[in-house]
Amino acid sequence: MLRVVLPLRLQNEVLMMQEAKADCRGSWYLPAGRLERGESLVEGLCREVAEETGLLCQPLTLLVVEERGAHWVRFVFLAQETGGVLKSPSSADKESLQALWWDTVSPLPLRCRDILRLIKLGLDYRRLPSHPSILPLLCPSPFLVLRLLFVCVSDEEMQVLQSAGDSPHLPTVVCTRRGGSILDPLLSLLQHPPMSCGILGVQHQGGDSADGVCFNIMGVFHGPEPPVVEKQGLSWDTIKDEGLKTRLLQALKKNILLPLYS
């Protein structure tokens with residue numbers, strides 16, 4: 001599970017580390033790395049920043065989640081510095097050669113330009129947050145799971161997709177495919193999946209038999225009729241609780257979803 005972190009300072013500077021790996025030695029990148037066994041996402045974030053830059057940090061929010069299937073998921077955090085000493089060349093090791101605060105304007109040889117979009121996301125969020133602060137909740141999951149909140153909004157009513165039966169609940173999907181997208185299983189649920197989805201929340205704990213992650217995914221349809229259900233055991237049900245309907249409509253208007261890039 002790959003994870004990138006994005007610490008920023010009030011001066012709109014971003015924390016960068018200089019690569020020590022042979023194939024990209026001397027180039028610069030955001031602090032990044034894979035989780036170690038048993039780590040939570042926040043623990044891995046703090047460890048990587050400390051190892052590669054010498055600084056301590058506190059996460060403020062997830063900025064975006066990027067994915068290329070169940071075996072490649074990247075969590076991008078916005079974080080703030082809380083202490084430590086910026087790594088200098090005299091402290092170079094296998095993790096990095098040094099670290100610096102970059103103003104994003106001065107010339108700097110980057111390992112890959114894909115981080116420029118992430119840096120812009122972070123700077124934009126600091127100026128005007130695009131969603132509420134969302135941090136992972138500690139909750140064990142052995143697999144990568146999607147918990148789906150799909151609603152269909154019309155002028156007359158609001159419907160929600162749920163399991164049919166005596167104890168209805170939101171549908172869940174286990175993702176196992178290496179390639180493609182973690183959203184591919186949605187194609188087997190509905191005749192027309194939502195054009196876009198966002199993340200309401202993330203749950204992860206780490207540890208033996210618990211190193212999966214659960215994404216609470218929200219998708220919205222607009223129209224007089226919801227899409228046809230393809231999977232047996234699921235159905236659309238009208239939301240009769242006016243309070244719940246109001247809260248969902250307010251959530252849609254406020255754009256509370258964390259972006260998911262596939």
Side-chain angles (χ1 to χ4, degrees), residues 1-36 39-68 71-89 91-131 133-136 199 202 204 206 213 258-262:
M1 193 175 294
L2 188 64
R3 187 202 27 68
V4 170
V5 296
L6 183 58
L8 296 173
R9 293 206 294 191
L10 292 178
Q11 298 92 331
N12 286 338
E13 294 176 323
V14 59
L15 183 62
M16 302 287 286
M17 50 80 71
Q18 191 174 34
E19 295 283 7
K21 296 188 289 288
D23 60 342
C24 55
R25 187 178 179 87
S27 60
W28 294 83
Y29 204 66
L30 293 172
R34 295 180 180 273
L35 288 179
E36 293 184 353
E39 278 187 324
S40 71
L41 289 168
V42 170
E43 289 169 343
L45 155 71
C46 296
R47 175 185 55 77
E48 286 289 351
V49 171
E51 289 177 351
E52 296 185 348
T53 73
L55 298 184
L56 306 178
C57 75
Q58 176 182 348
L60 300 176
T61 184
L62 279 161
L63 278 177
V64 66
V65 175
E66 300 175 304
E67 61 89 13
R68 298 175 188 169
H71 290 75
W72 195 97
V73 182
R74 185 159 76 169
F75 297 86
V76 183
F77 285 89
L78 179 66
Q80 66 180 10
E81 173 192 4
T82 59
V85 178
L86 194 65
K87 194 172 191 175
S88 65
S91 300
D93 55 23
K94 66 177 183 178
E95 300 294 340
S96 66
L97 300 179
Q98 61 177 317
L100 59 71
W101 288 101
W102 184 40
D103 60 12
T104 73
V105 177
S106 302
L108 196 69
L110 302 179
R111 188 187 93 190
C112 185
R113 296 180 63 84
D114 67 330
I115 61 173
L116 295 178
R117 178 177 65 166
L118 303 181
I119 291 172
K120 184 178 185 304
L121 276 176
L123 295 174
D124 289 346
Y125 189 94
R126 286 291 293 267
R127 285 191 291 266
L128 182 65
S130 54
H131 57 77
S133 174
I134 297 177
L135 291 171
I199 298 174
V202 178
H204 175 269
V213 61
L258 176 70
L260 175 64
Y261 293 168
S262 300

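Here the structure is a predicted model, which is why all the values come from computation and not from measurement. The residues of the chain are indexed from 1 along the displayed sequence.
The structure places CG of Leu30 at 9.0 Å from CG of Leu110, a figure rounded to the nearest 0.5 Å. Interatomic distance, Arg126 CZ to Leu63 CG, rounded to the nearest 0.5 Å: 10.5 Å. Between the OG atom in Ser96 and the NZ atom in Lys87 there is a gap of 3.0 Å [rounded to 0.5 Å]. Within the model, atoms OG1 of Thr82 and CG of Leu55 stand 8.5 Å from one another, a figure rounded to the nearest 0.5 Å. We find the CE-OH distance between Met17 and Tyr29 to be 10.0 Å, quoted to the nearest 0.5 Å. Atom CD of Glu81 is separated from atom SG of Cys57 by 9.5 Å, given to the nearest 0.5 angstrom.
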- For side chain to side chain contact (heavy atoms under 4.5 Å, CB included), just list the numbers for Glu39 and Arg47, CA-CA rounded to whole Å, side-chain angles, deciding distance to a tenth of an Å, and then say yes or no. CA-CA 10 Å; Glu39 278 187 324; Arg47 175 185 55 77; 2.5 Å; yes
- Working for side chain to side chain contact (heavy atoms under 4.5 Å, CB included), residues Leu97 and Glu19: CA-CA 6 Å; Leu97 300 179; Glu19 295 283 7; over 6 Å; no
- Evaluate the side chain to side chain contact (heavy atoms under 4.5 Å, CB included) criterion for residues Trp101 and Met16: first the C-alpha distance (whole Å), next the side-chain angles of each, then the deciding distance (0.1 Å), finally the verdict. CA-CA 6 Å; Trp101 288 101; Met16 302 287 286; over 6 Å; no
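For the side chain to side chain contact (heavy atoms under 4.5 Å, CB included) test with Pro59, the passing option among Val49, Leu41, Val42 is Val42; the others fail.
Counting only heavy atoms from C-beta outward, the side chains of Val65 and Val76 never approach each other to under 4.5 Å. At a threshold of 4.5 Å between non-hydrogen side-chain atoms, the residues Thr61 and Phe77 do not count as touching. Residues Val202 and Val213 meet the side-chain proximity criterion, which asks for heavy atoms closer than 4.5 Å. A 4.5 Å side-chain heavy-atom check between Ile134 and Ile199 finds every atom pair outside the cut-off. Put simply, the side chain of Lys21 reaches to within 4.5 Å of the side chain of Arg111, judged on heavy atoms. The shortest side-chain heavy-atom distance between Leu62 and Pro136 falls under the 4.5 Å cut-off. Side-chain contact between Thr53 and Glu48: absent, with no pair of heavy atoms (C-beta onward) separated by less than 4.5 Å. Using a 4.5 Å heavy-atom cutoff, the side chains of Ser88 and Gln98 are not in contact.
The heavy-atom pair separating Leu15 from Ala99 by the smallest distance is CD1-CB, 4.5 Å. Here the closest non-hydrogen pair linking Glu95 and Ala20 is C-CB, 4.3 Å.
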Sequence neighbours excluded and cut-off under 3.5 Å, please list the side-chain donor-acceptor pairs for residues 116-124, or say none.
from   : atom 1 : to     : atom 2 : distance (Å)
Arg117 : NH2    : Glu66  : OE2    : 3.0
Lys120 : NZ     : Asp124 : OD2    : 2.7
Asp124 : OD1    : Arg127 : NH2    : 2.5

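Remark: aromatic rings of His204 and Phe75 are distant, center separation not under 6.0 Å.
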